[in-house]
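This report concerns only the one structure given below.
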Amino acid sequence: MRALILAITLAFALPAAAQHYAAFTIPDSLTEGANVVVRDYNVDLDIRSGKKGYLKVEKTLTLLNEKSSANELVIYYDEGTRVRKIEIVLYDALGRELRVVDKDEVKDYSAVSGGTLYGDRRIKHVEVRHNTYPYTISYRYERELEGIDFAAGEEWYPQHFGYSVEASRFSFSAPIDFPVNYKGYRLPVEPTRSNAGNEWSCTWEVKHLKALPHEAYAPQAEELLPKVVCVPGQVSIEGYEGAFSSWEALSKYIHTLWEGRGVLPETVKSEIQQLVAGATSDEEKIARLYRYLQQNMRYVSVQLGIGGWQPFDAEYVTKNKYGDCKALTNYMWAMLREVGIEAYPALIRTGGAPVKLDTALVKSQFNHVLLYLPGQDNWLECTVPVGPPQYIYFGNHDRKVLLVKEEGGGLYHTPHLGYLDNIRSGKTSVQLSETGDARLSQRFQMAARDAERWRAMDAYYSETELKDAARENLLAAPGLLIEKLEVLPEPDKAACQVFLEGQSERFASKGGKRLFLPLLPVVAVGTAPPPCENRRWPIAIREGFTCRDTVSYQLPDGYEVESIMEETATLEHPTGYYQLKVDHQPGTITIVRVLQRKMAELPPAAYEEFRAFWLEVGKLERSMAVLVQKRT
């Protein structure tokens, strides 16, 4: 009652403008489970033509605690995307204006990453600080859109995890005869479409959206959060005109950007013919040319204007000995054409877990390019300096790609690397002393995912970094001193061996006449899911693997097994399989462990059973044996 009286008193005492942003006016239903409340969030996209558009953003957020980064504003731009009229105002809990953020506080940085030689991508960034919660920030800015940033379209997310929404609106307008590709996802409302004069528009408005939880092992955010995607249906970038009316049309447009850029210098043509002379199959020719690319060209990203979609030509790569993913793929494509092997660029969204591409919405949803070989039904990743040819790589597996063809290419799907492809098989020997110290040796055979990682680490890590990686990923032993570490990648396969030797102090804990021995000195793969009451989202496991480990213990003289698990333990679940076998003979213990994690998608109601399975796996991973001195 006192809180209600205070709220009423404050409402009468404050001006109307302050009341609008006062935190006490937020309904309890919107603060429950929320870190941020979106008070107003309005986005207006004005598409003028296939060349240009304007974006106006007005967003007011109340931060309830420190658990979000909503006090930061980040705006990307480039030469074709100019930022105008940034205005930021800070309000206190009662909605009273504290200050207007000075323009000097908005920093301007290059958005060029370490792997980019040069580019025109930049960031406007500001972090608004206030030490008393709740407080409110209001942002307003405008962007002038051109080039590929405009052609890539806009995505409106009215809500993020931990955000509730009082009111939010997205609207786009375009000339009456101009096509726009758009779609709403997981929104409680349909758009309102209207015509006015020579323009047509669509508007989505949402109100009173309760906070959404972030949950472990859920699908990716863009598959769960409400959003609208809006893309111009026609584009004109630096004189290149195209339509996004279908995937074939988008493929044709990208082909026009690549056309004529694969002409190799005559000296390179002669060198290529010499390289493939004597090759007895197309596969051998492909491998030779791929090794030539790896050994002579390096990956460097160059992003300027339309260069985000258009490769530098083959002559540029020949001269400079570098290129980005498009330029190197284009170069490999040109070399294959020279020896009569058919290939096509394939646009892909690489990295992380596979994201489900919406085939119903034509949009450039890609950030990378591969080369598809239809004769071999295989793929080339042209940016890696080490690694086998015709291997999909984990960041490219199991996802939709768009083939780039003159007549228009369709959508294809890359191969899937499952739990029977991503394998780590290890043998560990442990010579245990009566003090609990141990001498250990390990040999691992890895395929696919782990082979990629260790091949890359071997190429780029220092010796110290490699040893740190081994301690973190392979051998779990206290006070481990690694004396020898070898990484042996197989040049023509997605396979790698890792061998290490070392010593561990107090590997087993000593207590009187007993030694307490951990059975699995191999780093556990994966962790048990955290508690999650009232689960909302499905369980999505998008990565599968298999680990097989054999651990052999040589016990110290005078010791015998006092207690150890006697039976083979086997656990099964749709997301995994686990088996632990123990065999002990006088003076030795042998452990055989098989752990598999399988790709799966399960309903929210299955979470507790899913968690219980992996908790039980964790218990078995921590199994111990007790050794005791023999009586004399």
Side-chain angles (χ1 to χ4, degrees), residues 3 7 18 20-43 57-76 86 88-99 101 105-107 109 123-141 155-168 186 206-227 352-353 527-540 604 607 611:
H20 182 64
Y21 293 144
F24 67 80
T25 65
I26 301 171
D28 291 345
S29 62
L30 296 185
T31 59
E32 183 179 355
N35 301 316
V36 177
V37 180
V38 178
R39 314 302 296 275
D40 293 296
Y41 178 26
N42 300 320
V43 178
V57 178
E58 298 180 349
K59 190 172 189 177
T60 302
L61 308 163
T62 296
L63 286 71
L64 303 180
N65 52 51
E66 73 286 351
K67 297 179 182 179
S68 79
S69 58
N71 64 321
E72 293 187 64
L73 175 66
V74 178
I75 308 171
Y76 286 89
I86 299 178
I88 306 170
V89 184
L90 176 65
Y91 301 89
D92 68 9
L94 297 178
R96 297 174 301 197
E97 182 179 314
L98 293 175
R99 69 185 183 93
V101 174
E105 296 181 57
V106 181
K107 305 301 181 183
Y109 302 109
I123 293 173
K124 299 281 188 182
H125 173 264
V126 62
E127 183 175 0
V128 182
R129 297 181 180 274
H130 190 57
N131 57 8
T132 304
Y133 293 92
Y135 64 90
T136 298
I137 305 174
S138 181
Y139 304 106
R140 290 175 175 80
Y141 62 89
E155 295 189 357
W156 171 64
Y157 284 88
Q159 187 174 28
H160 298 282
F161 295 124
Y163 284 48
S164 62
V165 179
E166 280 194 319
S168 186
R186 297 169 291 277
V206 294
K207 293 184 178 181
H208 304 295
L209 302 181
K210 295 182 180 180
L212 298 174
H214 180 272
E215 296 174 341
Y217 296 96
Q220 297 191 40
E222 61 190 277
E223 299 176 36
L224 302 176
L225 296 173
K227 68 175 181 178
T527 57
C532 185
E533 296 182 3
N534 303 315
R535 179 79 180 189
R536 178 189 181 105
W537 307 121
I539 303 159
Y607 189 81
R611 181 169 183 264

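This is a predicted model, so every value here is computed, not measured. Note that the numbering runs from 1 along the sequence shown for the chain.
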For E97, the salt bridge (Lys or Arg N to Asp or Glu O under 4.0 Å) test, sequence neighbours excluded, returns none
With sequence neighbours left out, the residues meeting ring-ring contact (aromatic ring centres under 6.0 Å, His included) with Y135 are H130, Y133
Distance col, row I26:CD1 vs T31:OG1, nearest 0.5 angstrom, shows 7.5 Å
Residues 131-140 vs salt bridge (charged side-chain N to carboxylate O under 4.0 Å, His left out), sequence neighbours excluded, gives none
*Over 12 foreign heavy atoms within 6.0 Å of CD, E32*: no
### Task
Kindly indicate whether the side chain of L212, heavy atoms from C-beta on, has any atom under 4.5 Å from the side chain of L224.
no
When rounded to the nearest 0.5 Å, the distance separating OG1 of T25 from CD of E166 is 6.0 Å
Q. Ignoring hydrogens and geometry, is there a side-chain-to-backbone donor-acceptor pair from R39 to Y21 under 3.5 Å?
A. yes
Closest heavy-atom pair, V165 versus P158, reported as atoms and distance to 0.1 Å, is CG2-O, 3.3 Å
Residue set satisfying side-chain hydrogen bond (donor to acceptor under 3.5 Å, both in side chains) with R186, at least two apart, ordered chain then number -> none
Residues A34 and L64: closest non-hydrogen pair is O-CD1, 3.5 Å
CG (D92) and OG1 (T132) are apart, to the nearest 0.5 Å, by 9.0 Å
The reported gap from CZ in R99 to CD in E105 (rounded to nearest 0.5 angstrom) is 4.5 Å
Practice task
Check for a donor-acceptor pair, side chain of S168 on one end and backbone N or O of Y41 on the other, with a separation under 3.5 Å.
Solution key: yes
Hits for side chain to side chain contact (heavy atoms under 4.5 Å, CB included) against E127, two or more places apart or cross-chain, chain-then-number order -> N71, E72, H125, R129
Which of T60, L61, L30, V206 passes side chain to side chain contact (heavy atoms under 4.5 Å, CB included) with V38? Answer is L61
By salt bridge (Lys or Arg N to Asp or Glu O under 4.0 Å), R536 pairs with (sequence neighbours left out) none
Hits for side chain to side chain contact (heavy atoms under 4.5 Å, CB included) against K207, two or more places apart or cross-chain, chain-then-number order -> A167
*Any sub-3.5 Å donor-acceptor pair from W537's side-chain atoms to P213's backbone N or O?*
yes
Across all chains, not counting sequence neighbours, the side chain to side chain contact (heavy atoms under 4.5 Å, CB included) partners of H160 are Y157, Y163, L225
Residue set satisfying salt bridge (Lys or Arg N to Asp or Glu O under 4.0 Å) with K59, at least two apart, ordered chain then number -> none
In short, A23 meets P134 closest at the heavy-atom pair CB-CG, 3.5 Å
dist L73:CG -> I86:CD1 (nearest 0.5 Å) comes out at 6.5 Å
Nearest heavy-atom contact between P531 and Y607 is C-CE2, 4.5 Å
Of all heavy-atom pairs linking V36 and A70, the shortest is CG2-CB, 3.8 Å
E222 meets the side-chain hydrogen bond (donor to acceptor under 3.5 Å, both in side chains) criterion, sequence neighbours left out, with R349
Across all chains, not counting sequence neighbours, the side-chain hydrogen bond (donor to acceptor under 3.5 Å, both in side chains) partners of Q159 are none
Sequence neighbours excluded, the answer for side-chain hydrogen bond (donor to acceptor under 3.5 Å, both in side chains) partners of R611 is none
